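Single-structure report; data block below.
The shown structure was predicted, so the numbers you read here are calculated from the model rather than taken from an experiment. Here is how names work: the chains are called A, B, and so on, in the same order as the sequence lines, proteins then strands, and each is numbered from 1.
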Amino acid sequence: MAANNNMPSALDKEQIFGMAEKEMEYRVELFNKLTHTCFNKCVENKYKESELNMGENSCIDRCVSKYWHVTNLVGQLLGSGPSGRPPM
Amino acid sequence: MAANNNMPSALDKEQIFGMAEKEMEYRVELFNKLTHTCFNKCVENKYKESELNMGENSCIDRCVSKYWHVTNLVGQLLGSGPSGRPPM
Amino acid sequence: MAANNNMPSALDKEQIFGMAEKEMEYRVELFNKLTHTCFNKCVENKYKESELNMGENSCIDRCVSKYWHVTNLVGQLLGSGPSGRPPM
Amino acid sequence: MDKSMLGDLDNLPEEDKLKMAAMIDQLQIRDSLRMYNALVERCFNDCVDTFKHKSLQKQEESCVRRCAEKFLKHSMRVGMRFAELNQGAATQD
Amino acid sequence: MDKSMLGDLDNLPEEDKLKMAAMIDQLQIRDSLRMYNALVERCFNDCVDTFKHKSLQKQEESCVRRCAEKFLKHSMRVGMRFAELNQGAATQD
Amino acid sequence: MDKSMLGDLDNLPEEDKLKMAAMIDQLQIRDSLRMYNALVERCFNDCVDTFKHKSLQKQEESCVRRCAEKFLKHSMRVGMRFAELNQGAATQD
């Protein structure tokens, strides 16, 4: 998609910017969904304290790890190849 | 909004692009909401199988059809005129 | 961020436009979330009537007011300073 | 956005003011379309629960109408209160 | 968008048509990535509920697989029905 | 995005690098504002349920404070774990 001669044209450059923008938007959205999902799964929502307790903290660590695995697993199913990286 | 002389100016062109972009975003969002809503309404979420069964399939078809009718109905109420097409 | 000499450069202008756009997007999103949240909290969703009754109306007014307070409170916690305006 | 920055907008040439106005138009169009999509989703979710037919049943249709009308009235009321608060016109209870 | 407006697109110079095609590409990329994110969120929510381990358990993994496959089949079916309705090919029940 | 493509960015003239940096700034601003909106929505939903008064009651206010503080701590922790995973530093349990 990018030019081969290392001097991208105006349209190519717009596409490079556009791709980089979409990639970053994707990562931000992934992070936001992960954050909200793990908060829902792990954090007591009566808010009796403002600190995270030990149980919540370890739940969060495992939740992030599992979410990551699910991201990779679904990425594989969507055909991004054998390795576990997101499909870009 | 578009120029009448068939030679749109720079600003007009930006508006044409902008309108086309918004229109496509709208259709994508409509499709996404429809897809997620009908999945919630029709598909058993224990995922015992990876196939859609007959009951789910016919529920999906009717759900899409009804969602379409609701889209048209709400479009009419929002004042897009007598016909049932979305307000653009 | 804006140029000091009152003649913004091309890049500065793009940033001014970008900031203004983000600010407007933020206000629209705030309004939309507020609207949906207060509808959920205050309006009976069997839709027996198309009018809002007195109880619903007063609930809506208080809900908007409380949502506003929460917006300001969270804004303060996020460090936007002592006053209650959103952090921009 | 800082007010001093908004002030700079006055210094922009005419062409840029047009561009800014066009941007605001675009955002409003996008917002209306999103509101429309969200309204359809909400009223469908609250009013349609059986899928024995392809077409909307009478009571579903009237439920959707009332839902949409009620939401629009709600949205207008919220808009008024929101504008008051933005102008600092809010009073305490 | 009015059709007369879309008609104007034919009058655009070649360069603008390329720009329009690039815009459509970008929207499709963004849409695929959003779908991917939404699918992960849904299948995680429906399939993962215990947090005694860091790694996915066997039954969680197979649940996620079935969830994703089922959703993709669903999405394809919805796409076909949606296209039919867009072409006015829908019949009443 | 493929790394070879990101590599091309180094070949961009200075002006384009500035443009890219500005784009990243803009995305971060938008992200912060969205996070702020989402945090307000969450804490309001979880902490405010009665509408007999126009102003926040004492216990609602302290609930909102704890909710926001807890969410921010949570978000920071998730950010650290997420960064570790992105760097392949994750170990199995």
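- With respect to the salt-bridge test (charged N to carboxylate O, under 4.0 angstrom), the residues Lys54(F) and Asp61(C) do not qualify.
- Contacts between residues 58-69 of chain F and chain C, counted as heavy-atom pairs separated by less than 4.5 Å, involve Glu60(F), Glu61(F), Val64(F), Arg65(F), Ala68(F).
- More than 12 heavy atoms of other residues, nucleotides or ligands shown are found within 6.0 angstrom of CE on Met80(F).
- Glu25(C) and Arg30(F) get closest at one heavy-atom pair: OE1-CD, 3.3 Å.
- Electrostatic pairing of Glu23(C) and Arg27(C) counts as a salt bridge here, judged by a charged N lying under 4.0 Å from a carboxylate O.
- Per-residue counts of heavy-atom pairs under 4.5 Å with chain C were compared for Thr50(F), Asn45(F), Leu39(F); the largest is that of Asn45(F).
- Between Cys59(C) and Cys42(C) the SG-SG gap is short of 2.5 angstrom.
- For Lys66(C) and Phe51(F), the positive end sits near the middle of the six-membered ring, less than 6.0 Å away and at most 45° from its axis.
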